[in-house]
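Notes for the one structure printed next.
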Amino acid sequence: MTQLALELQELIATMEQRRAKVELGGGLERQKKQRAGGKLTARERIHTLLDAGSFLELGTFVEHQGGRLMQGVEAPGEGVVTGSGTIDGRQVFVFSQDFTVLGGSLGKMNAAKITKVMDLAARTGCPVIGLNDSAGARIQEGVDSLSGYGEIFYRNAIYSGAVPQISAILGPCAGGAVYSPALTDFILMSGGSSYMFITGPEVIKSVTREDVTFDQLGGADVHTRKSGVAHLEYDGDEAVLRGIRDLLGYLPQNAREKAPVQPTSDPAGRRNDALLNIVTPDQRRPYDMHDVIHELVDNGTFLEIQPNWAKNMLIGFARLNGQSVGIVANNPRVMAGTLNIDASDKAARFIRTCDCYNIPILTLVDVTGFLPGVAQEHAGIIRHGAKMLYAYAEATVPKITLITRKSYGGAYLAMNSRDMGSDVVYAWPTAAVAVMGAEGAANIVYRRDIQNAENPEAMRAEKIRDYKDAFDNPYVAASKGYIDDVIPMEDTRARLIQTFAMLREKREERPYKKHGNMPL
Ligand code: HXC
């Protein structure tokens, strides 16, 4: 072997040794501890998430530039693994925080690795996925680490709506660090092993004397049921990673594209006879809107988002003849489907998510109105409800509204009526569109007649019947063009598919503005 060949061999060996050291992260002991906590390592997560063999690592040899307090500290891979790969053959960018290296804490160069893949994702028009498992700002790096967060938040905000951004929380995510996931489109958490909070239990105890565990304060249960911060909870890392793959299937690569169409074995013309047993004309008999959705969509598959928060409002993705659609629906089974603050926030955000990513919206309406109450009024139901109105009006994607039963008052408008920009409004024969329910209406409009009648109860019943005859049906609204057609329930799937196909090339221009001033 020549001298040059020997030198080359040595150089290659050095590269391999360095790479092996980086790939080992914080070492076998810390990896063991990580696995003992039921978690995968940063690299295992990436390989589980991506198509086999597709990971292309970037920034492999980046090292910290951490100043005096970091002198002599080793941080292989800088505490985060970054690069790109494919999911179902579609390119994505990914960063995976490595808790085995300084607790996955974020310093300047760690942040630089993350912003590098975010920039590449934006430039190439691909989703970016963050796998979060970090003790937060790297304490030794002081303000540099705060600046690192700033660089990430800035990109989260400016790339918002340009490319999908998905955050998985697979360990600690505390302090200001929570704001990166909070600025992304979706947050998925692993139950039992992840948490998110601004101030931890110790600080809370010293300030408010409240005693709380990490999990009680910011575990997956809390954020998917109480706060609405997170969208989905899964049992363990693998399930979260599968969840990300599933979710991405409904989304396009970027704001210029449409979501992929997935061929389906479910016939477009499949009749929906089952609906006749789910929704009856008896307005007081509640039903579960999930059953309606499952009956309508391809193979009954509905990826419900935020299924355990504000359950009076259902949101999620499904497919109709292979085409991804976002569904927004009242659920009359919960609080009679009324709109409250959380339901309004939940729907408004989802409508905007669908609109940024060109996903048509189907709205299923069965709603008596906004939830009455001092607490709701004082907490700003006006401001929150306005978000829904704004989001629907702003959305330029194809929008179909289907009124299944009641649609009353302000909620009629908030659930995307014709006037609020729905492209096509359908109703079932069971629908009723009115300012309010017949009983309330009769009591207000005919109060004097009822009071003065010889038999007030008989008069009340008569007036209720009168009002029902006049408005408790879809035909008054249809006669004025507010409803485009009253359709047989059994034909609904076919109708929706045909109508979305009709709207597929919809274009809607809006007047010039910098951006609207959405009520927040
Ligand atoms: C540098 C850190 C670190 C940090 C932990 N480590 N936190 N290194 N900066 N913030 C190191 C530890 O020294 C340890 O190193 C390794 O990471 C694992 O930490 P452990 O404490 O042994 O792990 P564990 O027992 O599992 O506890 C995890 C933890 C705890 C609960 C997250 O580490 C913790 O409370 N860390 C501090 C969290 C924090 O206050 N971060 C700052 C938040 S403020 P060795 O070498 O022993 O393995 C913030 C502001 C962001 O983030 C602002 C953005 C705008």
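We number each residue from 1, following the sequence as shown. We use all heavy atoms of the structure for the numbers below, so side chains are in, but hydrogens, waters and symmetry mates are not. Every number for a ligand or one of its atoms is a count from 1 in the order of the listing.
Across every non-hydrogen atom of A255 and N358, the tightest pair is O-ND2, 2.8 Å.
Residues E141 and H64 have side chains that never bring a donor and an acceptor to within less than 3.5 angstrom of each other. Between the side chains of N156 and Y179, not a single donor N or O lies within less than 3.5 Å of an accepting N or O. In the model, D419 has a side-chain atom that pairs as donor or acceptor with a side-chain atom of S417 under 3.5 Å.
Heavy atoms from other residues, nucleotides or ligands lying under 6.0 Å from CD1 of I382 number 12 at most. Counting heavy-atom neighbours within 6.0 Å of K506 NZ, excluding the residue itself, gives a total above 12.
Here the shortest heavy-atom distance to atom 6 (N) of ligand 1, taken over L102, V73, L146, T100, belongs to L102. Taking all heavy atoms of I139, D133, L69 into account, the minimum distance to atom 9 (N) of ligand 1 is reached by I139.
The presence of a protein heavy atom under 4.0 Å from atom 20 (P) of ligand 1 is ruled out. Put simply, atom 48 (O) of ligand 1 has protein non-hydrogen atoms near it, under 4.0 Å away. In this structure, atom 31 (C) of ligand 1 is in close contact with the protein, since a protein heavy atom lies within 4.0 Å of it. Protein heavy atoms all stay at least 4.0 Å away from atom 34 (C) of ligand 1. There is a protein heavy atom closer than 4.0 angstrom to atom 52 (O) of ligand 1. Within a 4.0 Å radius of atom 28 (C) of ligand 1, the protein contributes at least one heavy atom.
Protein heavy atom at the shortest distance from atom 5 (C) of ligand 1 is A135 CB, 3.6 Å. The protein non-hydrogen atom at the shortest distance from atom 24 (P) of ligand 1 is F99 CZ, 4.4 Å. Looking only at heavy atoms of the protein, atom 25 (O) of ligand 1 is closest to K33 NZ, 4.3 Å. Taking atom 14 (C) of ligand 1 as the reference point, the nearest protein heavy-atom neighbour is G103 N, 5.0 Å. The closest protein non-hydrogen atom to atom 54 (C) of ligand 1 is Y149 CD1, 3.4 Å. From the protein, the heavy atom lying nearest to atom 46 (O) of ligand 1 is R30 NH2, 3.1 Å.
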Checklist entry - Given the rule in the ring pair (Phe, Tyr, Trp, His ring centres under 6.0 Å) test, do Y357 and F317 qualify, once you have shown the distances and angles that lead to the verdict? => result CA-CA 12 Å; Y357 300 121; F317 296 110; 9.4 Å; no
Checklist entry - Could you walk me through whether E23 and K21 pass the salt bridge (charged side-chain N to carboxylate O under 4.0 Å, His left out) check? => result CA-CA 5 Å; E23 287 182 357; K21 186 166 180 193; over 6 Å; no
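Counting heavy atoms under 4.0 Å from ligand 1, residue A137 touches it through both backbone and side chain. The proximity of A174 to ligand 1, defined as any non-hydrogen pair under 4.0 Å, is limited to the backbone.
Set against the non-hydrogen atoms of G136, the atoms of ligand 1 under 4.0 Å away are 52 (O).
To the nearest 0.5 Å, atom NE2 of residue H231 and atom CZ of residue R349 are 5.5 Å apart.
Between D98 and R43 there is no salt bridge, since no side-chain nitrogen of the basic residue lies less than 4.0 Å from a carboxylate oxygen of the acidic one.
Considering backbone and side-chain N/O of P172, none are found under 3.5 Å from N/O of ligand 1.
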